[in-house]
Amino acid sequence: MFIHFFYTLREYGLNVSLDEWLCLMDALDRGLAGNSLREFYYLCRNVLVKRESDYDKFDMAFAAFFQSIQSVDELPEELWDWLNQGELERELEDMPEWAKEFDFDTLQKMFRERLEEQKEKHDGGNYWVGTGGTSPFGHGGYNPAGIRVGGAGRHRSAVQIAEERNFRDFRQDNELDTRQFQMAFRKLRQFSTRVDSAKTELDIDETIDATCENAGLLRLVYEKPRKNTVKLLLLMDAGGSMYQHSELCSRLFQALHDSTHLKDLKIYYFHNCVYDYLYTDPSCANGRWIETEWAFRNLDSDYKVILVGDAAMSSYELLSRGGNLDWYVYNKEPGIDWLKKLERHYKNIVWLNPIKKERWGYAWGSRTIALVREVFPMYELTLDGLDAAIQKLLSR
C-alpha cells in the first residue's frame with residue numbers, strides 16, 4: 001500500500017528507510033493523520049524527513065504524487081479508510097448530495113439563488129452564504145466543492161501547500177551566500193592549534209552539553225584560545241564563460257577575504273587554465289602577474305589550495321603547447337602539465353565547479369571537465385559540494 005509513494009520519495013532524493021516507512025504505516029493505523037490529506041502531509045513530513053534541507057525534496061515528491069487529487073473524494077480507497085473518520089465524516093454526511101459532486105455550473109446556479117433568497121448574515125449550517133459550517137458558499141467552514149466568498153481559505157489542500165515550496169531556500173544544493181561560505185570555511189579551523197595559556201575562549205558545544213547535564217541551568221565551559229595555522233591559496237578562473245558565475249564567485253571571494261581564522265591567504269587568477277603565470281587581479285592583464293614557478297618556490301606545500309572554475313574550454317587550451325588564449329604569452333608546456341605540477345606540489349588541493357554536477361557530462365567543455373577531474377578532486381559549488389571539498393582539504 002502506497003509503495004509507489006515510497007518510490008517517488010526515493011526518486012526525489014529522500015533517503016527514506018524501511019523502519020521510517022513502517023513507522024508511518026503504524027501512525028496511519030493509529031489514526032494520527034487525523035481526518036484530512038493535509039494532516040497526512042504533515043504526518044509524512046514529520047516521520048520521513050530527517051533534515052530541514054530535505055523539506056523541499058519532500059514537497060516536490062508529495063506534489064508530484066498527489067497532484068491529480070483535487071478533493072477528498074479522489075483519495076485512494078486505502079488512504080480514505082484511514083482518513084475518513086471523526087469530524088470530517090460527520091460533516092460530509094450533513095452535506096446535500098449535489099454538493100458532494102463538483103459541478104461548477106450547478107454551483108453557480110445555486111449561488112445566484114442563495115443570493116436572491118438570503119436577506120441577512122448567516123453563520124454555520126449547510127445552506128446559506130455565510131461563515132463556518134459546511135455550506136458550499138462563504139468562508140471559514142468546510143466543503144471540498146464550494147465557492148469561497150470573502151475571507152481567507154482555511155482548508156488549503158496539501159498539494160497546494162507542497163507546491164508552494166516554502167523550504168526551497170533550505171536546500172543544500174542551492175547556490176551559496178556569503179555567510180554560508182564563511183560558515184563552511186570555518187571548518188578549516190580544525191587545523192589551528194591551542195595556545196598554551198589560560199582558558200578564556202567560550203566553548204559553545206561543551207557549554208551546551210554541560211548545561212543539559214546540569215538540568216538546564218547555565219554552566220559555562222571555557223577552552224584555551226586557538227592560534228591560526230591554516231594557509232590557503234585560492235586560484236580563481238576569471239573572464240569568458242565564468243562571467244555568468246561572477247556573482248557567486250564574488251561571494252566566495254568576499255567570504256574568504258573577511259575570514260579571521262586563516263594564518264595566510266593568497267589569491268591569484270587565471271583564465272581557463274593555469275599556465276606560466278598567475279595573475280594578481282581578475283582582469284588578467286599582461287604584466288600583472290607572478291610566475292607560477294615563483295609560487296611553487298615561495299608558497300610551500302603546507303598551503304591548502306582551492307581552484308575555482310568551470311573547467312570548460314577548448315581542448316587545445318588544455319592539451320596543446322601555445323594553447324594560452326593570450327596571444328602575447330606563449331606556453332611551452334600544455335596547461336594539463338601545469339595542473340599536474342600543482343597537484344604534485346600541494347598535498348591538499350580541490351577544484352570547485354559552479355556548473356551543476358549533473359551537467360558535467362554533457363555541458364560545453366565536458367571533455368576538458370573530465371580531464372581536469374582526473375587531476376583534481378572536483379566538487380560542485382554548492383553547500384554540499386563545499387562541505388565535501390573542505391573535508392577533503394582536512395584529510396591528512
Side-chain angles (χ1 to χ4, degrees), residues 173-176 181 184-185 232-253 255-256 266-279 281-284 289 292 295-296 303-326 329 331 333-393:
D173 56 351
N174 284 336
E175 287 189 356
L176 296 146
F181 275 127
F185 284 122
L232 183 65
L233 171 60
L234 177 66
L235 304 178
M236 302 186 70
D237 188 357
S241 59
M242 284 296 293
Y243 277 127
Q244 60 184 312
H245 308 294
S246 59
E247 183 177 349
L248 177 61
C249 293
S250 177
R251 291 196 291 268
L252 181 146
F253 172 85
L256 278 174
K266 301 294 185 185
I267 301 176
Y268 298 105
Y269 302 87
F270 62 93
H271 181 55
N272 286 348
C273 187
V274 174
Y275 300 106
D276 304 65
Y277 300 98
L278 296 171
Y279 295 90
D281 64 56
S283 68
C284 295
W289 57 42
T292 306
F296 291 153
Y303 275 82
K304 315 299 177 188
V305 182
I306 298 177
L307 294 102
V308 181
D310 57 18
M313 64 195 91
S314 297
S315 296
Y316 71 84
E317 292 181 72
L318 185 64
L319 302 175
S320 303
R321 296 172 58 189
N324 192 337
L325 289 179
D326 190 330
V329 184
N331 57 294
E333 298 179 75
I336 191 72
D337 289 347
W338 280 105
L339 296 183
K340 290 177 180 178
K341 286 183 180 182
L342 279 170
E343 190 275 333
R344 288 194 297 267
H345 183 74
Y346 294 104
K347 297 179 292 186
N348 299 93
I349 184 169
V350 296
W351 186 294
L352 295 176
N353 195 325
I355 297 177
K356 294 295 184 182
K357 186 174 182 179
E358 62 265 21
R359 296 180 51 225
W360 290 354
Y362 63 85
W364 182 85
S366 58
R367 185 190 179 198
T368 56
I369 293 174
L371 291 172
V372 172
R373 291 181 67 190
E374 292 179 3
V375 181
F376 306 114
M378 184 177 290
Y379 302 92
E380 185 180 0
L381 192 48
T382 61
L383 188 56
D384 279 341
L386 184 56
D387 279 343
I390 296 298
Q391 290 302 316
K392 181 64 176 179
L393 291 177

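Between Val305 and Leu235, the shortest heavy-atom contact is CG1-CD1, 4.3 Å. What you find for Cys284 and Tyr269 is that their closest heavy atoms are SG-CB, 4.2 Å. When all heavy atoms of Ser366 and Tyr362 are compared, the pair lying nearest together is CB-N, 4.0 Å. Listed here is the closest heavy atom pair of Asp237 and His271: OD1-CA, 3.5 Å.
A donor-acceptor pair is defined here as one N or O able to donate and one able to accept, closer than 3.5 Å; no such pair exists between the side chain of Asn353 and the backbone of Glu380. Asn331 places a side-chain N or O within 3.5 Å of a backbone atom of Gly322 that can act as its donor or acceptor partner. At distances below 3.5 Å, at least one donor-acceptor pair connects side-chain atoms of Trp360 with backbone N or O atoms of Ile355.
Contact of the Tyr346 side chain with the Tyr303 side chain is registered, since non-hydrogen atoms from C-beta on lie closer than 4.5 Å. Looking only at side-chain heavy atoms (C-beta outward), Lys266 and Leu234 stay at 4.5 Å or farther from each other.
Rounding to the nearest 0.5 Å places CG of Leu342 at 7.5 Å from OG1 of Thr292. To the nearest 0.5 Å, atom CG of residue Leu352 and atom CE of residue Met236 are 9.5 Å apart. Of the inter-residue distances, the one linking Leu339 atom CG with Leu371 atom CG reads 10.0 Å to the nearest 0.5 angstrom. A distance of 10.0 Å separates NZ in Lys347 from NE2 in His345, rounded to the nearest 0.5 Å. The OH atom of Tyr275 lies 6.5 Å from the CG atom of Leu325; values are rounded to the nearest 0.5 Å. With rounding to the nearest 0.5 Å, the separation of CD1 in Ile369 from CD in Glu374 is 13.0 Å.
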Decide side chain to side chain donor-acceptor pair (under 3.5 Å) for Asp384 and Thr382; before the verdict, give the C-alpha distance in whole Å, the side-chain angles of both, and the deciding distance to 0.1 Å.
-> CA-CA 5 Å; Asp384 279 341; Thr382 61; 5.6 Å; no
Practice item. Please report the C-alpha distance between Val350 and Tyr379 in whole Å, then the side-chain angles of each, then the deciding distance to 0.1 Å, and finally whether the side chain to side chain contact (heavy atoms under 4.5 Å, CB included) criterion is met. Key: CA-CA 8 Å; Val350 296; Tyr379 302 92; 3.8 Å; yes
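Residues that satisfy the side-chain contact (heavy atoms from CB on, under 4.5 Å) test with Lys341, not counting sequence neighbours, are Glu293, Phe296, Glu333, Trp338, Arg344. A search for salt bridge (Lys or Arg N to Asp or Glu O under 4.0 Å) contacts involving Asp326 returns nothing, not counting sequence neighbours.
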Which atom pairs, one a donor and one an acceptor, fall under 3.5 Å between side chains of residues 306-318 and the rest of the protein, sequence neighbours left out?
{"residue": "Asp310", "atom": "OD1", "partner": "Ala312", "partner atom": "N", "Å": "3.1"}
{"residue": "Asp310", "atom": "OD2", "partner": "Ser241", "partner atom": "OG", "Å": "2.5"}
{"residue": "Ser315", "atom": "OG", "partner": "Arg367", "partner atom": "NH1", "Å": "3.3"}
{"residue": "Glu317", "atom": "OE1", "partner": "Asn272", "partner atom": "ND2", "Å": "2.6"}
{"residue": "Glu317", "atom": "OE2", "partner": "Ser314", "partner atom": "N", "Å": "3.0"}

